[in-house]
K.L.:
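Structure provided below as structure tokens; questions to follow.
All values reported here derive from a predicted model rather than from experimental measurement. For this chain, numbers begin at 1 and follow the sequence in order. Below, all heavy atoms of this structure are taken into account, side chains as well, without hydrogens, waters or symmetry copies. Whatever order the structure lists them in is the order used to number ligands and atoms, beginning at 1.
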Amino acid sequence: MADDLDPDDGDRYRHAAAEPDEGREELSQDTIWAWATPPGRSALAVLRISGPAVGNVLHALGVRVLPAPRRASLARLVDPADGQPIDQAIVLRFPAPASFTGEDLVEIQHHGGLGVRRMLANVLAHMPSLRPAEAGEFTRRAFLAGKLGLSEVAGLGDLVDATTARAARHALLRLEGEVSRQVEAWSDQLLGLRAEIEADLDFAADQADVTAGALGRAGPRLELLRDQLRKAVQSAGAATRLREGFVVAVTGRPNVGKSSLVNLLAGREVAIVTERPGTTRDPIEVELDLNGLPVTLIDTAGLRETDDPIEQEGIRRAREKAAGADLVIELVDARDMPPAVVDCPNHLIVVNKADLVPDRWAMLAISCRTGTGIDELLAAIAARLDKDLPAELGAVPADARGQAAVSQALEAVEQALAALPLAEPVLVAEELRAAALALARLTGLGGDPEDVLSAIFARFCIGK
Ligand code: GDP
């Protein structure tokens, strides 16, 4: 409805390139509902409902006059079965197509007690053509309606999962379509180059003319494109680290104080996100937020044998992670002769129990007993990890699928460049086509098979 669209409507989720197309599956006619806030008692909860029956639901809940689009309206919700009140709530209505899912969508902010949730769930369960949403189903509908491309969906998932400021910021960049815009610019360049080469192929008197004309001009532009793609591939590792977190392993001889250090950090409130216990008493991993960088610190002393199958699995995973650590902190007992200090980019030698040897250490020295040097240690870890992270991590996919697509595009562009001196325009055009195809897969416009979609949406929680 055109009159539903304000000038300031800000249909901010619309993804310019992702218009619905023939290849996308039919939109489901079911109306789906789910809470977007976690289960359990809370001051406020948000119930999302999307689909054609949204108006009926509001009506059934006693909202006789449809609230104005995108305006908060206070409503007294009642149970249609007996007219008894359920709650006072804020109702937000987003008529199709200017909604997250592209369908009629309503968000109800209500008091988050279990009693209110039960009553609402009971009403919804008894309404025809309504069903609870599956995990990620709102986002899946947004994708199918062309509101979000695959890169944006991946960014959205990462934003919800991000535990630190910098991880969240990079995810938001991707949700807002930076990757898609970059990919579109690359695709346009590829398309332009191909069109020129193919036009010359059609009209040139002989192949030598093509070589002198379009192919000759393509060289510098292809090199520029290659450099940009190469930069994106090189930043992929950093983007993945921001998304999945850096791993820092604490190693050293028995009794040097590894567990003490991890315990000490786990006990400090400032930096800790979560901790995972190895034994009933000690954590083997703690997640830290170091200057916005997500870091998992692993106590290798905690990686011992155990009979508990759940603990075994945790230890197996931690061991695997520690093996690929981004940084190893090797603790040395202050009373031992420190080993020769070798400067190694992913190795930090730290003296522990400095309280026992009141020396002026030339190297980083801490005491888990007194807490001396711990802040310096955290700063040193952050500085080491920061070094690997470009200051401006721009439009780079952070998921393996997106990164593979950029690598394939780079490979094809390199092949095209290699084919230039062969003066084989058909070969060059073919490689450019392959590069464009790889990029199209990245944004989801290349007719992705269903399993790609399922893989992306599988990790979404209910209500997203
Ligand atoms: P791990 O085997 O490397 O995990 O070492 P632990 O963390 O279990 O520590 C071994 C022993 O060293 C324990 O008795 C700790 O209390 C002690 N310890 C750890 N850090 C310090 C420290 O900074 N100063 C002193 N004096 N003792 C420490």
K.L.:
List in chain and number order the residues that pass salt bridge (Lys or Arg N to Asp or Glu O under 4.0 Å) with R221, two or more places apart in sequence or in another chain; answer none if no residue qualifies.
P.N.:
E196
K.L.:
Report yes or no: is the cationic atom of R70 (NZ for Lys, CZ for Arg) closer than 6.0 Å to the six-membered ring centre of F94, at no more than 45° off its axis?
P.N.:
no
K.L.:
Tell me whether the guanidinium CZ or amine NZ of R117 lies under 6.0 angstrom from the six-membered ring centre of W35 and within 45° of its axis.
P.N.:
yes
K.L.:
Does D326 have any side chain to side chain donor-acceptor pair (under 3.5 Å) partners at least two apart in sequence or in another chain, and if so, which?
P.N.:
R241
K.L.:
Can H170 and R166 be counted as having a side-chain donor-acceptor contact under 3.5 angstrom?
P.N.:
no
K.L.:
Test of understanding: with side chain to side chain contact (heavy atoms under 4.5 Å, CB included), list the residues that count as partners of A125, not counting sequence neighbours.
P.N.:
none
K.L.:
Which protein residues have a heavy atom closer than 4.0 Å to any atom of ligand 1, listed by chain and number?
P.N.:
R253, P254, N255, V256, G257, K258, S259, S260, A301, N352, K353, D355, L356, S367, C368, R369
